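Everything on this sheet refers to the single structure shown next.
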Amino acid sequence: MTAAGPLVLADLTRTRLEAAMLERGMPAYRARQVFQWLYRRGVTRFPDMTDLPLALRQSLADEFRIPTPSIDRRDISDDGTQKFLLKLEDGKRIESVFIPDTPNQTFCLSTQVGCAMGCGFCLTATMGLVRNLTPGEIVGQVRVLADAVDLRDKTFNIVLMGMGEPLHNYDHTMDALRILTDRYGFGVHPKRITLSTVGIVPAIERLATEDVMPNLAISLHATTEDQRGSLVPINKKYGMADVLDACRRFPLARRERITFEYVLLDGVNDSPADAHRLARLLRDLQAKVNLIPLNPAPGIPYARPSDDRLDTFGRILADEGLTVSVRK
């Protein structure tokens with residue numbers, strides 16, 4: 001054991017766990033079994049990993065630990081969506097959501113406590129950034145939710161659309177994706193994972209080179225630079241034109257699409273003119289649009305548009321040839 005105490009195993013990719021075990025005199029190949037116990041079976045106590053030698057289990061318990069978020073609150077809506085308030089080891093709290101859209105059961109994960117992006121319509125933005133989540137805390141949400149809704153050994157999708165900006169916590173987010181997609185772990189195919197970003201251009205370009213590449217979603221929310229700058233402050237650093245150019249360079253297979261998320265704000269960005277501009281902006285991209293009627297909250301100075309305005313906006317996009325969905 002190091003002077004700093006046991007190493008957090010849940011933060012380690014399998015490659016890093018193999019290296020850490022080897023450094024401590026343990027056989028590296030046993031990392032595959034540890035991963036299977038932790039992620040496939042949900043076992044967090046080393047003594048319970050019964051196909052490992054007893055001496056190795058004791059060594060693992062001495063050298064490593066596996067903290068797990070706890071459920072502080074669980075709310076279930078009429079449509080079956082479940083929102084979890086999870087408490088982390090240091091007492092900080094994050095939200096995760098289970099969306100039971102048959103056949104695509106989906107976990108919505110957070111990547112930070114709070115957020116530094118400051119988007120004007122987002123409740124999390126009012127917190128500011130408290131801290132980044134570790135890889136183990138990001139994956140830990142899946143471990144907890146999978147057990148809570150009985151999906152540990154079943155197929156599910158993941159969206160990184162909870163609290164925080166995933167690309168602002170790039171390295172930890174990518175390590176979490178490597179753990180989630182590991183064939184000895186959850187084995188989630190990268191194309192079942194969607195990462196949502198407000199558009200940190202250098203990080204999008206870096207993501208385009210990764211061995212684990214999720215689906216990309218861009219939080220656009222506007223159709224002019226001025227409009228987006230007032231809603232999404234980072235647009236002043238990475239303008240909408242730069243973000244869209246990065247999307248054009250992002251590697252996509254022929255049938256793949258980048259999702260453009262668009263929060264509709266009453267009287268702000270929901271006019272027919274906005275819809276036509278959005279269609280023109282995305283015309284040369286492999287794109288689909290996810291419309292999100294604002295969920296009003298205290299402290300948010302915007303309102304939800306009427307269903308008629310939402311329908312008109314969506315119809316214009318569809319008539320322009322775009323694939324359109326509306327988030328629940």
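This is a predicted model, so every value here is computed, not measured.
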>> Checking Asn169 against Thr111 for the side chain to side chain donor-acceptor pair (under 3.5 Å) test, could you report, in this order, the C-alpha distance in whole Å, the side-chain angles of both residues, the deciding distance, and whether it holds?
In response: CA-CA 7 Å; Asn169 185 19; Thr111 54; 5.4 Å; no

> Can His172 and Leu133 be said to form a side chain to side chain contact (heavy atoms under 4.5 Å, CB included), step by step?
Replying inline: CA-CA 7 Å; His172 287 178; Leu133 296 185; over 6 Å; no

>> Working note: Val130 + Met127, criterion side chain to side chain contact (heavy atoms under 4.5 Å, CB included); need CA distance, chi angles, decisive distance, verdict.
In response: CA-CA 8 Å; Val130 178; Met127 297 173 58; 4.3 Å; yes

>> Between Leu9 and Leu38, is the side chain to side chain contact (heavy atoms under 4.5 Å, CB included) condition met? List the steps.
In response: CA-CA 10 Å; Leu9 189 151; Leu38 177 56; 3.9 Å; yes

>> Apply salt bridge (Lys or Arg N to Asp or Glu O under 4.0 Å) to residues Glu137 and Arg131 and explain how you reach the verdict.
In response: CA-CA 12 Å; Glu137 289 170 334; Arg131 69 169 175 85; 2.9 Å; yes

>> For Ser59 and Asp62: C-alpha separation, side-chain torsions, deciding distance, then whether side chain to side chain donor-acceptor pair (under 3.5 Å) applies.
In response: CA-CA 5 Å; Ser59 296; Asp62 291 340; 5.4 Å; no

>> Would Ser325 and Lys288 count as a side chain to side chain contact (heavy atoms under 4.5 Å, CB included) here? Give the steps.
In response: CA-CA 8 Å; Ser325 60; Lys288 57 184 178 181; over 6 Å; no

>> Evaluate Glu165 against Thr197 for side chain to side chain donor-acceptor pair (under 3.5 Å), listing each step before the verdict.
In response: CA-CA 6 Å; Glu165 162 57 55; Thr197 175; 2.9 Å; yes

> Which is it for Glu95 and Arg73 under the salt bridge (Lys or Arg N to Asp or Glu O under 4.0 Å) test, yes or no, and what are the steps along the way?
Replying inline: CA-CA 10 Å; Glu95 288 186 347; Arg73 179 173 171 175; over 6 Å; no

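Of the residues listed (Asn269, Ile218, Asn290), the one engaging Tyr262 in a side-chain contact (heavy atoms from CB on, under 4.5 Å) is Asn269, and it is the only one. The only member of Gln141, Lys83, Gln82 that meets side-chain hydrogen bond (donor to acceptor under 3.5 Å, both in side chains) when paired with Ser96 is Gln141.
Taking 4.0 Å as the cut-off between side-chain N and carboxylate O, Arg304 and Asp307 count as a salt-bridged pair. A salt bridge links Glu210 with Arg178: at least one charged nitrogen is closer than 4.0 Å to a carboxylate oxygen. The pair Asp153-Arg40 fails the salt-bridge criterion, with no side-chain N (NZ, NE, NH1 or NH2) lying under 4.0 Å from an Asp/Glu carboxylate O. The residues Asp175 and Arg16 are annotated as salt-bridged, a charged nitrogen and a carboxylate oxygen being separated by less than 4.0 angstrom. A salt bridge is absent between Arg32 and Glu18: the closest approach of a Lys/Arg side-chain nitrogen to an acidic carboxylate oxygen does not fall below 4.0 angstrom.
Considering only heavy atoms from C-beta on, Arg30 comes within 4.5 Å of Pro53 through its side chain. You'll find the side chain of Arg143 reaches within 4.5 Å of the side chain of Thr44, heavy atoms only. Counting heavy atoms from C-beta on, the side chains of Cys119 and Val198 come closer than 4.5 Å. A 4.5 Å side-chain heavy-atom check between Ile234 and Ile200 finds at least one atom pair inside the cut-off. The shortest side-chain heavy-atom distance between Pro67 and Val8 falls under the 4.5 Å cut-off. Side chains of Pro293 and Leu310 form a contact here, defined as non-hydrogen atoms less than 4.5 Å apart. With contacts defined as side-chain heavy-atom distances shorter than 4.5 Å, the pair Ile316/Pro272 qualifies. At least one side-chain heavy atom of Leu207 sits under 4.5 Å from a side-chain heavy atom of Leu216.
Gln112 and Asn132 share a side-chain donor-acceptor pair at under 3.5 Å. Side-chain contact check for Arg277 and Thr224: no donor-acceptor pair (N or O, by modelled atom type) lies under 3.5 Å.
Expressed to the nearest 0.5 Å, how far CG of Leu86 lies from CG of Leu109 amounts to 9.5 Å. Between the CE atom in Met174 and the CD1 atom in Ile179 there is a gap of 11.5 Å [rounded to 0.5 Å]. Ile66 contributes atom CD1, which lies 3.5 Å from atom CZ of Phe46 (distance to the nearest 0.5 angstrom). The line from CE of Met21 to CG of Leu12 is 10.5 Å long, rounded to the nearest 0.5 Å. For the atom pair CZ (Arg228) and CG (Asn235), the distance works out to 4.5 Å, reported to the nearest 0.5 Å.
The 12-atom threshold is exceeded at CG of Asp48, counting heavy atoms of other residues, nucleotides or ligands nearer than 6.0 Å. Within 6.0 Å of CG in Asp226 there are 12 or fewer heavy atoms belonging to other residues, nucleotides or ligands. For Lys87, the NZ atom counts as loosely surrounded, since its 6.0 Å shell holds 12 or fewer non-hydrogen atoms of other residues, nucleotides or ligands.
The cluster map of Ile, Leu, Val, Met, Phe, Trp and Tyr, joined by side-chain heavy atoms under 4.5 Å apart, puts Ile158 and Phe84 in the same cluster. Grouping the Ile, Leu, Val, Met, Phe, Trp and Tyr side chains by contacts below 4.5 angstrom, directly or via other members, places Ile204 apart from Met161.
Residues Arg249 and Glu205 share a closest heavy-atom pair of NH2-OE2, 2.7 Å. In terms of heavy-atom proximity, Asp51 sits nearest to Trp37 at OD1-NE1, 2.6 Å. Considering every non-hydrogen atom in both Pro298 and Leu123, the closest pair reads O-CD1, 3.7 Å. Shown here for Thr13 and Phe35, the closest heavy-atom pair between the two residues is C-CZ, 3.7 Å. Nearest heavy atoms, Ala222 versus Leu231: CB-CD1, 4.5 Å. Taking all atoms of both residues into account, the shortest heavy-atom contact from Leu56 to Pro27 is CD1-CD, 4.5 Å.
Without hydrogens or angle criteria, Thr173 side chain to Pro166 main chain gives a donor-acceptor distance under 3.5 Å. A donor-acceptor pair is defined here as one N or O able to donate and one able to accept, closer than 3.5 Å; no such pair exists between the side chain of Thr81 and the backbone of Ser77. In terms of modelled atom types and a separation under 3.5 Å, the side chain of Glu320 and the main chain of Leu317 share no donor-acceptor contact. Checking side-chain atoms of Gln105 against main-chain N and O of Thr155 turns up no donor-acceptor pair under 3.5 Å. Asn157 places no side-chain N or O within 3.5 Å of a backbone atom of Asn104 that could act as its donor or acceptor partner. Checked by atom type and distance alone, the side chain of Gln227 never pairs as donor or acceptor with a backbone atom of Asp274 at under 3.5 Å. A donor-acceptor contact shorter than 3.5 Å links the side chain of Asn215 to the backbone of Lys191. Judged by distance alone, the side chain of Thr124 and the main-chain N or O of Met163 form no donor-acceptor pair under 3.5 Å. No donor-acceptor distance shorter than 3.5 angstrom exists from the side chain of Arg65 to the backbone of Ala61, with no hydrogens or angles considered. Panel note: side chain Tyr184, backbone Val34; no donor-acceptor pair is recorded below 3.5 Å.
In this structure, Phe98 has its ring center under 6.0 Å from that of Phe107.
Using cut-offs of 30° and 60° on the angle between ring planes, the pair Phe156 and Phe186 is perpendicular.
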